[in-house]
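See structure below.
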Protein chains: 2
Amino acid sequence: MSPVAPLARVARPVDAVVERLRRDILDGRYPEGGHLPPERTLALGLGVSRLTLRAALARLEAEGLVRARQGDGVRVLELSQHGTLSVLAHLDLSRRPLVVRSFLELRRAVAVEAVALACERASDEAIAHLEALAEAQAREPDDAAYARRDVEFARQVLKASESFATLLVFNALVPVYEAHPALARALLADRQRSLAGYAATVALLRARDAQSARGLVRGALEAVDEAVLAALSPASAPARGVKAKRPKQPKPTKKRGAAR
Amino acid sequence: MSPVAPLARVARPVDAVVERLRRDILDGRYPEGGHLPPERTLALGLGVSRLTLRAALARLEAEGLVRARQGDGVRVLELSQHGTLSVLAHLDLSRRPLVVRSFLELRRAVAVEAVALACERASDEAIAHLEALAEAQAREPDDAAYARRDVEFARQVLKASESFATLLVFNALVPVYEAHPALARALLADRQRSLAGYAATVALLRARDAQSARGLVRGALEAVDEAVLAALSPASAPARGVKAKRPKQPKPTKKRGAAR
DNA sequence: TTGGTTTAGTGGTTAAACCAATGAGCCCCG
DNA sequence: CGGGGCTCATTGGTTTAACCACTAAACCAA
């Protein structure tokens, strides 16, 4: 579409502070349950005003990373209890293969549900629109544009499923591979498989059979995810912990539509 | 546990502002894509300082509701594109039955995946711990304590599944029925079914059969969710839009463990 | 019409100061 | 000696007023 760069957002001081603190917290520099230094101290150390620091803390609080209490201080919350999906995009995934695996598992669960629900609820117009999107993908040479339309395809499936909460989860998944190009590349590396996935998805929606769609989508995505994990692990075994399950459905599904 | 109130968080001005703005936005008082009034004007109108208003806007920005751009203004983002799961807890669910339905669908998808993964990964100790939790529930007279331990049970299943991303989704689901007592009550209304669900979950984990667990958990939860939707809809038909699908598995599953 | 320049309006940041809640330690009283 | 209430240093919460930086639109000139 546009030959020029998409123009990244300018870095404001508050953004830098947010990222710095978030990294320090996620890296365990401030242990869970412990206190951050007092605002005045922290602001001085970071070279920003206390108010800018407070703006950053407000964002981190919304992400479920910290909690400020007047008179006490700023505590680091337990990620496993208060963390939100948004932290996924800020973890160093290259060092955490198990988190990548869990990301793919969540994506898979969302995709399976979305396609199944869409089988029951998608309008014929919506299905036709999806088919048009898929055909446009087949003629798309540019990788970035392909990736963008892949997200769009998934989002349309989600909308067709009429499941608002599931769509919100998807919104949180998108920034994850925007922040991790290697992951995004691995997911779309096999373009032939990707295209087959679009077609299979459209076919499943036309069939209107939610029950069998679940199994087919799951099977296809498990194969994709296994390949992705293998591609991402440096040179070791095919990604530890994945129990290698490849159903080999009768139909050559290759579905991967919904939770991209 | 504690006979006294759980000690609600004191209402700070910034919290009031956040809630007010969030409600105004979600109610459509500020249309998506449009601008909020300038900060100075808004602050004046709300009776707080501009800085307090800014702290509130920072939180709303983290929730994906608005986006501030220097020189331009504060724009209301499209919920379907940038909204996060946290908004679910702040919608007036009593007026949006379809959102409740989608919440249950997401919860179901998460629960199915969590139990299935836990089947493959849960340690024997973790399963024993879950069983102990379930037995404690059977002897729990207090509703609030019961609800609390129900969340704990689900969280332990999630942890046993070793799927970090899925756990993060769960963290976002908990505040939803904390904010909607009617929903929480409906979910735990049938205590006998709830207790049977715990037992069935433990049995499934012991069986170590992920594949069949998916079907059983899904079937049981679909029955639960249908009952919940019926209980929540005032007096009309059994909740519009739900296609009434009750697989009737051979085993009397009644599972409802994971995504409560 | 096109291109650059100006300008008004917007969010972004800072400073210093005061308010308010917390929790630990102290002191007094029993 | 023990318990209970109080004090106070510490910490986050809020305000004021001012200035900086960016954006978009209006304006003007080629």
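Here is how names work: the chains are called A, B, and so on, in the same order as the sequence lines, proteins then strands, and each is numbered from 1.
Contacts of B/Ala138 classified as side chain to side chain contact (heavy atoms under 4.5 Å, CB included), with partners at least two apart in sequence or in another chain: B/Leu195. Scored by the side chain to side chain contact (heavy atoms under 4.5 Å, CB included) test, A/Leu91 finds A/Leu26, A/Leu88, A/Leu93, A/Arg96, A/Val99, B/Phe164 as partners (sequence neighbours excluded). With sequence neighbours excluded, no residue satisfies salt bridge (charged side-chain N to carboxylate O under 4.0 Å, His left out) with B/Arg23. For B/Ala62, the side chain to side chain contact (heavy atoms under 4.5 Å, CB included) partners are A/Ala62, not counting sequence neighbours. Residues passing the side-chain hydrogen bond (donor to acceptor under 3.5 Å, both in side chains) test with A/Ser102: none are found, sequence neighbours excluded. Qualifying side-chain hydrogen bond (donor to acceptor under 3.5 Å, both in side chains) partners for B/Glu152, counting only residues two or more places apart in sequence or in other chains: B/Gln156. Scanning for salt bridge (charged side-chain N to carboxylate O under 4.0 Å, His left out) contacts around B/Asp72 gives B/Arg69, B/Arg75, with sequence neighbours left out. Shown here are the salt bridge (charged side-chain N to carboxylate O under 4.0 Å, His left out) partners of B/Arg29, two or more places apart in sequence or in another chain: B/Asp24, B/Asp27. Partners of A/Glu140 by salt bridge (charged side-chain N to carboxylate O under 4.0 Å, His left out), not counting sequence neighbours, listed by chain and number: A/Arg149.
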DNA chain D in dot-bracket form (Watson-Crick or G-U pairs under 3.5 Å, [ ] crossing, | inter-strand) is ||||||||||||||||||||||||||||||
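B/Ser80 is listed as a side-chain neighbour of A/Lys159, based on a closest heavy-atom distance under 4.5 Å.
Closest to the side chain of B/Pro38, out of D/dG12, D/dT14, C/dT10, is C/dT10. Of all nucleotides listed (C/dG11, C/dG12, D/dG13), C/dG12 comes nearest to the side chain of A/Pro13.
Rounded to whole angstrom, the span from the CD atom of A/Gln70 across to the C1' atom of C/dA20 amounts to 5 Å. Taking atom NE2 of B/His35 as the reference point, atom P of D/dT23 lies 13 Å away to the nearest angstrom. If you measure from atom CZ of B/Arg40 to atom P of D/dT15, you get 16 Å, rounded to the nearest angstrom. Remark: C1' of C/dG12 and CG of A/Asp15 are 11 Å apart, rounded to the nearest angstrom. For the pair B/Arg67 CZ and D/dT23 C1', the interatomic distance rounds to 15 Å; values are reported in whole Å.
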Filtered N/O pairs between nucleotides 23-25 of chain C and protein, under 3.5 Å:
residue, atom, partner, partner atom, Å
C/dG23, OP1, A/Arg69, NH1, 3.3
C/dG23, OP1, A/Arg69, NH2, 3.0

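Remark: A/Arg191 is positioned above the aromatic ring of A/Tyr146, its terminal NZ or CZ atom under 6.0 angstrom from the ring centre and at most 45 degrees off the axis.
Residues from residues 42-54 of chain A placing a heavy atom under 4.0 Å of any atom in DNA chain D, listed by number, are A/Arg50, A/Leu51, A/Arg54.
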